[in-house]
Amino acid sequence: MPHSSRSGKKIFGSYSGPSLARMVQILDRLAANGHDTFIDRVGNRFGDPVSANVEEALRTSTLCLVYYSERYELRHACQFELMQALSADVREGGQMRTVVINPESSKAHVQPAVLKDQIYLTDDGGDADLARIIDEVERHLARLTGTYKGIDFSALPRMVGGRPGVAPKVRRYSAMWRLERALHAQRYRLTHQPTNGIAVLTGLRGVGKTTLADDYIMHFAHAYQVVIRVDLADATGPTAQSTLRDVVTEANNTLLTSKGHALVVIDSVPAGLPIGDFGAALDNVDVLLLIISEHTEYAALGQEVRLGGLTDDESMVLVHRLHPFDENGPEAEQVRELATAVDNHAMALSALARSATARRGLTTLTEHVGRVLDGTSDTMTKVAEIFVDRLDELDDEYQRATLRVLAACGPAAMPARQLRNLLSSLGMDQNRVLESVESLQTMLLVRQVGAAWQTHGLIRQAVRSHLDARTIDWIASTYAKHLVAVLRPGRAGHGEQDWNLLVRHARFLVEQPIVETITVNALLPLIARELRVDGRLGSAARYLDRLVAAGPGDPQIVLEAAADHYDVGEYEEVVTMTSRAFLSSSGRERVLLSCVHASTLDALGRFADAEPHWRAATDAATLNSLTEAERVKVRLRWIRGQRLRGVLKASAAALEELLTTPELRSSEDLRLLALIELAHIQLLTGAQNAARSNARQVLDHFAAKKQQHHAAAAEAEYVLATAQLQLQFTELKARPDRWVEAEARFLRLADELEEQYGARNAKVLACRVNADWALISHGQPKKALDSTAVLLPVVRERLGEHHPLVLREHYVRGLAHSQLGEIVEGADELGTAHRGQLTTLGIVHPETLRTQFELAIALKLRDHDGDNRRANVLLDEVWKHANHVTGWLDDLPWQAFFGATLVRWTPVRALRGIHRANHKHKW
């Protein structure tokens, strides 16, 4: 929606979603300077046309301000707006009405050469850069008059026709800019290596090369005196040579009578044409040449533009145009899987989307995607047929063997060393492997990814169909056994990239029915171990579950699976698993299983049930069977249980002592667990600043390792968000912005965890409950009631009536009703929470005491028979216990003090007046 302002010139803001806040800040400042500004806050859903008001806003703007982030470069709608603005600049004779802000440290993502050649604005998000941006935009505006000319979104229809099944239905703007840069880099010598005016567009068959050329011509033909196209698909050697001479002569003749450039597009160039046949096109610098071929042998003629798959965003838009789906629903993730399975190949995605539409009502999208992923899709088989002739041309057994190996190991690239070793084990000469893969790379049948080699998903399908599937299955089975031997000793001696690729191969192979069960069972714990190292504990648990489900086995496997499930909040699975395992375990495993079982019962609020298991886990005699690190882990989990029971001061002292021990100083993992636990306690004892500091330590650690997904990092994020809700007593002044930020943090964390563990996971539910609490904190009681009405039944059904999270939701509902002046309902909800907390947590627990204080205030406001007397008793009890539980730095003892003294004697009429004054604006 546009900002209104006094007068001045109009500025159109173009941005990608995450940059909205900064772009609004910039445009607000420009609006304050007297300019009209426009920013589209809504954005387009897949399949929506660009709205008329966006078109009108750009047409009537003097300047387009582009916030060119890395994400902007990948967004289809953003690139559409940019293309319109830059095309209008060209039509005006090159007057640049487009100004770029680049917030990134690099300019590699800025595709249009005309923009990369600019000295554009940078932005670090600070006030100094904001002021500088405003000054630069004002200087640029001072040189401009009028508005954009010729903006007409309908003039270039977004749906492209063309060859059925081949042409993508979205325009690939980033690829078009790459093509433009390859042809015209000599214009931008400051930022680009000069070229000779020849662009060589290469890529797999069906990837959309010809369609890209169509779109390029549609957008840029106005820059040429003439565009001449020729297709050499059916041309023989002599015919191709004469055709090349004829089109170049035609271009030269055109330029004899007019100034400018001619573009000659030569499509479907076959293999084997002598490079010298293109020589005539090199004589005139004004004749630009676009060569389109699936053979890379012509790349040396000019600047190669290797066209790969669509961007992720383009893939989603393409599928949506042919098979509409809810971009925010579960089908969106299935479409992403579909696109990944075919490497975003334009023809394959188009065919699969059409097939899904044709079968709608007969099969679900889930089934359709499943067939693609397991290789049984008829549509995929048909699309893969376009590569059969390329495979038939292979007469070198090393090339064929290489493709079979790459098809056998799945979609992940294979490290060069591993490929060489595996082919050698199959009887091949190691010295010829490199020659083989390089020749396949020239044919675009494989690609190099770092120090590894990979083939396209469609090529893999064609290889399985036409290069002996039985041999490929045998290779897969052999390779799986080989991986057991490679992975078992650990990653020492392997590079990180190579090792991660081997783990991905293992994950692919354990899903293949051809691999023997004994090999699969050997790989599963190795995969789980590596996922655990990477912080993906939920995924690790899933692999171990397969072994546990097979029947009684290694108790260590059960223990590892249970620990992983516990760490990610899958508590019911732990109880079921450990209860069965007790019968077949003894010694060390039994002690550790008792610890995990007890910890899980604590997390479920079943403290009494946990006690006998804690006695078994912490008995001095049984602890002697554990290593020192294992004993520390047991102690940390026991301390967590004590914290959940409300034992705060003693637990904090125990943790601070533990943090000084050699075991924690030498084990970063244990130290981080201790810091998180200490931060939880600090939240409840008035040390919010210390809690924030400890949580940030943990987050910084995992951010440095690029493991923000780790369960411990998620818990630290939870602590940090909770710390935003609660003031430290010494902070004195409330910060409503922190409460809003806390709600956003909880919801964002809930969404991230839900993606990994599902909507009913206990940690997901905890985040959503705390988001409701945040709504109350920043004065949104109506929204809180609406949210809790939906969430409370889910939490109750999942965790039970007396779980602390259920009781916290009742507490939130009680506060919400009270803030809305619904005192009777508020007292009822707080009473429900209080009764449950007394049963589950006991009186000497901070949550019980806090609820009891709020209940006492609600009773005084309600003032039914006996309410005032009961409220005073409750306040006295809070005052009696609060300091011993939380300490004086927390606000609860002070609230209790004033409640037990001042509030006790304040008339009900006065209390109601104060309450009304504080909350009437929310009614």
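Hydrogens, waters and symmetry mates play no part in the numbers below; they use all other heavy atoms, side chains included. Because the structure is predicted, anything quoted here is derived from the model rather than measured.
Formation of a donor-acceptor pair under 3.5 Å by the Ser87 side chain with backbone atoms of Met83 is found in this model. Side chain of His323 to main chain of Val319: no donor-acceptor pair is present (N/O by atom type, distance under 3.5 Å, no hydrogens or angles). A donor-acceptor distance shorter than 3.5 angstrom exists from the side chain of Thr296 to the backbone of Thr442, with no hydrogens or angles considered. Side chain of Thr455 to backbone of Leu445: a donor-acceptor contact under 3.5 angstrom is found. Judged purely by atom type and a 3.5 angstrom limit, Ser315 uses its side chain to pair as donor or acceptor with the backbone of Thr311. Between the side chain of Gln303 and the main chain of Ile198, no donor-acceptor pair closer than 3.5 Å is present. A side-chain donor-acceptor contact under 3.5 Å links His345 to the backbone of Arg205. Checked by atom type and distance alone, the side chain of His140 never pairs as donor or acceptor with a backbone atom of Val99 at under 3.5 Å.
Tyr398 is linked by a side chain to side chain donor-acceptor pair (under 3.5 Å) to nothing, counting only residues two or more places apart in sequence or in another chain. The salt bridge (charged side-chain N to carboxylate O under 4.0 Å, His left out) test applied to Arg336 returns Glu333, not counting sequence neighbours.
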Apply side chain to side chain contact (heavy atoms under 4.5 Å, CB included) to Arg172 and Leu307, showing your working. CA-CA 10 Å; Arg172 304 173 71 170; Leu307 188 61; 3.4 Å; yes
Is there a side chain to side chain contact (heavy atoms under 4.5 Å, CB included) between Tyr298 and Glu304? Walk through the geometry before answering. CA-CA 9 Å; Tyr298 304 107; Glu304 183 183 15; over 6 Å; no
Yes or no on side chain to side chain contact (heavy atoms under 4.5 Å, CB included) for Leu434 and Glu438, after CA distance, side-chain angles and deciding distance? CA-CA 6 Å; Leu434 180 60; Glu438 286 180 344; 3.6 Å; yes
Verify side chain to side chain contact (heavy atoms under 4.5 Å, CB included) between Leu338 and Met316, making sure each step is shown before the conclusion. CA-CA 10 Å; Leu338 191 70; Met316 297 293 282; over 6 Å; no
Please lay out, stage by stage, how Thr62 and Lys10 fare under the test side chain to side chain donor-acceptor pair (under 3.5 Å). CA-CA 5 Å; Thr62 300; Lys10 187 170 182 178; over 6 Å; no
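Ring geometry, Tyr216 versus Phe220: the interplanar angle falls under 30°, so the pair is classed parallel (tilted spans 30 to 60°). Under the 30°/60° scheme for interplanar angles, the aromatic rings of Tyr224 and His184 are found to be tilted.
Side chains of Thr402 and Ser436: a donor-acceptor N/O pair is present below 3.5 angstrom, by distance only. With hydrogens and angles left out, the side-chain atoms of Asp123 and Tyr67 include a donor and acceptor closer than 3.5 Å.
The pair Arg75-Asp312 does not meet the salt-bridge criterion, since no charged nitrogen lies less than 4.0 angstrom from a carboxylate oxygen. Ion pair Lys382/Glu385 not flagged as a salt bridge, since none of the NZ, NE, NH1 or NH2 atoms sits closer than 4.0 Å to an Asp/Glu carboxylate oxygen. A salt bridge is absent between Lys209 and Asp214: the closest approach of a Lys/Arg side-chain nitrogen to an acidic carboxylate oxygen does not fall below 4.0 angstrom. Arg390 and Glu294 are joined by a salt bridge, as a carboxylate oxygen and a charged side-chain nitrogen come within less than 4.0 angstrom of each other. Look at Arg132 and Asp124 and you find no salt bridge, because none of the NZ, NE, NH1 or NH2 atoms lies under 4.0 Å from a carboxylate O.
When each of Arg178, Glu180, Arg181 is paired with Val305, the side chain to side chain contact (heavy atoms under 4.5 Å, CB included) condition holds for Arg178 and for no other.
Rounding to the nearest 0.5 angstrom, the gap separating the CE atom in Met443 from the CD atom in Glu297 is 10.5 Å.
Closest non-hydrogen pair, Leu27 versus Gly13, comes out as CD1-CA, 4.2 Å.
Considering only heavy atoms from C-beta on, Tyr72 comes within 4.5 Å of Gln79 through its side chain.
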